[in-house]
Amino acid sequence: MTGSVIDAVVPRPARRALRRVVVAASGAFMIMLLCAFGAALALLDGLSGDDAATYNLGCGGTAVDPAGAMPGIAELIEDQVRIAAVIVKVGQDRSVPPRGWVIAVATALQESHLQNLPNLGAANDHDSVGIFQQRPSQGWGTPAQLADPAYQAGKFYEKLVTIPGWQNLPLTEAAQRVQRSAFPDAYAKHEPLATKVVDALTGGAGRAAGADAQLRCAAGVDIAASGWTAPVEASIVSGFRTPSRPTHYGVDLGAARETPIRAANAGVVIVAKCNAHLTNGISYSCDRDGGYNVLGCGWYVDILHAGRVITRYCHMGSEPLVHVGQSVAAGEVLGYVGSSGHSSGPHLHFEVHLNGDRGRAGAVDPVPFMNKVGAPIGDLA
Amino acid sequence: MLVVVVALTVLVARLIDDRRATAPYRVPDVVPTVHDTEGDDSADDEAPSAYTDDATVLAVAQAFADAWLRPGVTAQEWLDGLRPHATESLIENLDGVDPSEVPANATLGQPTIQTRTESHAEVLVPIAAHDALALGLVGTDEGWRVATLGRETG
């Protein structure tokens, strides 16, 4: 093992910090040398072979120039992307961690569709103006100041960073504490598009650790700026709809019994129950290990996320810690790995569904999905 | 010269790199492998097309919307009107909202259920053309309550 020399003498947290410093320093150095030594990048990539997949996608090192060329985003016109660029640039200049950029862009998508709205007179909602619909009468600034998107974004971040633990709150909750809207959950649905915009502008900051102003790819128990995190850190022992298991609509993660299972993204628990029965239909306890002759996914949880994505977590060893209707944050522990239901050994069966469809038709391969949102699963060795 | 610096930087970082092999969630070798022949181990309790208490869900959604669509009342009256139909956490999220920002006085048509499970429902309540309250309701011990309030436009 490459780290064995250091293992013996430096405590792990210090080693991690040291490693970060060295990697950051070497990274900065590489950028300077890249023009002349393109090959150096490949060497640096080789440093963290296990993270190579995410590094290849990038984790947001690009400094945004709102006056420069804008990336194309199918859902938006260039003027909207440029407003988003101003929001991200102000966040970068203020050293706000990248989760803040996603929250700010999502909030502006809801409030103004990323347009710098003037006071519309009689049709206006009170004295709200600008990309965040801030109100001069509520202390946000003078009408002249609030004509400037960069000023508006600055005021948004100023308030956001005063909220304790804002980095790990569900997006809609963080946005609502700033905005105080009559539609408190309206922001959540913009999280996927806001992440896409931030990724396009910065070269993948949605995949960076969300709470860290020093941009680095999210790993382990980090929550990415996208709001996603891996439910467990373990290898995939059985894939999605493999030739030998065409009806396997999830992935099996070989985590040890009692490993905490974490919510992959903020959302509302819509199912938390025992699903286990024998082939003759007689119900079977989920508080004991199942087996081949037991059907169902045991103690399990379904969570409904922004953008009508649903995640499913099966075979918990004991009753889930969460209940239906509960709002959970990304990373919140839902229960523990076990082997209840149709299971031959402790593992987490994890599913991702799109379009709010809990059935098989809605299931997609979790591996590329999680990779794209910056929370890769499996194959860590 | 530069080549040497690059090589040294990479070497030092390699030495300090502790890799994932030492990560806290490393899979121990003793974990039994899940057999590939296991087949479908997902939930097999898929939902019925309708539930017997759909009408109750819709009634709670309507009552919540009626209480919410009162831009003329004080903030306290507004919250008190919503309280019987909402979860505590939603009431907390609505604390501090100025009810005069509510954009309508009445619903415009019937609420409809979008998706449902045994204890959760998403309901749309139209309040204007191309504008609806998007309510997330949950079945609690005290009955159905609105837990989330978003907006669907367009």
Side-chain angles (χ1 to χ4, degrees), chain A residues 1-3 5-6 15 18-19 22-23 26 29 33 37 40 43-44 47-48 50 125 176 180 182-186 189 220 232-235 237-238 244-245 247-250 252 254-256 268 270-271 275 295-297 300 314 324-325 327 341-347 349 351 356 359 380, chain B residues 2-3 5-6 9-10 12-23 25 27-28 31-47 68 87 89-90 93-94 96-103 114-115 117-120 122 134 136 138-140 145 147-151:
Chain A
M1 196 180 77
T2 48
V5 176
I6 305 294
R15 237 188 317 122
L18 189 56
R19 175 195 171 191
V22 171
V23 170
S26 62
F29 203 63
L33 297 178
F37 295 96
L43 287 173
L44 184 64
L47 271 183
S48 305
D50 43 67
D125 175 18
Q176 173 66 357
R180 289 287 158 209
F183 299 89
D185 298 289
K189 66 168 180 264
V232 294
E233 211 176 342
S235 299
V237 291
S238 187
S244 60
R245 285 180 83 182
T247 60
H248 190 230
Y249 284 83
D252 289 344
V268 177
I270 59 170
V271 177
N275 169 228
L295 301 180
C297 75
Y300 82 105
C314 293
V324 170
S327 287
H342 190 57
S343 169
S344 55
H347 70 285
H349 171 94
E351 293 182 19
L380 304 175
Chain B
L2 286 177
V3 177
V5 172
V6 170
T9 314
V10 169
V12 170
R14 261 186 191 284
L15 281 173
I16 292 165
D17 180 15
D18 60 1
R19 324 237 32 195
R20 271 307 165 68
T22 57
Y25 290 119
V27 185
V31 173
T33 310
V34 177
H35 292 285
D36 237 14
T37 52
E38 200 176 349
D40 180 15
D41 60 338
S42 184
D44 62 353
D45 56 352
E46 296 307 337
W68 187 85
T87 62
S89 68
L90 178 58
N93 283 340
L94 287 168
V97 172
D98 177 355
S100 68
E101 293 183 8
V102 169
Q114 302 300 299
T115 63
T117 63
E118 205 174 309
S119 308
H120 179 266
E122 287 180 273
V138 294
T140 73
R145 295 286 184 273
T148 58
L149 163 57
R151 187 176 195 172

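The backbone N or O of Gly341(A) sits nowhere less than 3.5 Å from a side-chain atom of Asn275(A) that would complete a donor-acceptor pair. Judged by distance alone, the side chain of Trp68(B) and the main-chain N or O of Ala182(A) form a donor-acceptor pair under 3.5 Å. For Ser238(A) (side chain) and Asp252(A) (main-chain N/O), no donor-acceptor pair under 3.5 Å exists by modelled atom type.
Chain B forms the most heavy-atom pairs under 4.5 Å with one residue out of Gln176(A), Lys189(A), His349(A), and that residue is His349(A). The candidate from Glu122(B), Gln114(B), Glu118(B) with the greatest count of non-hydrogen atom pairs under 4.5 Å with chain A is Glu122(B).
In this structure, no portion of Ser89(B) lies under 4.5 Å from any heavy atom of chain A. Of the two parts of Pro103(B), only the side chain, counted from C-beta on, holds a non-hydrogen atom closer than 4.5 Å to a non-hydrogen atom of chain A. Using a 4.5 Å cut-off between heavy atoms, Ser100(B) contacts chain A through both its backbone and its side chain.
Arg145(B) pairs by the side chain to side chain donor-acceptor pair (under 3.5 Å) definition with nothing, not counting sequence neighbours.
Within the 4.5 Å cutoff, no side-chain heavy atoms of Thr117(B) are placed close to those of Val324(A).
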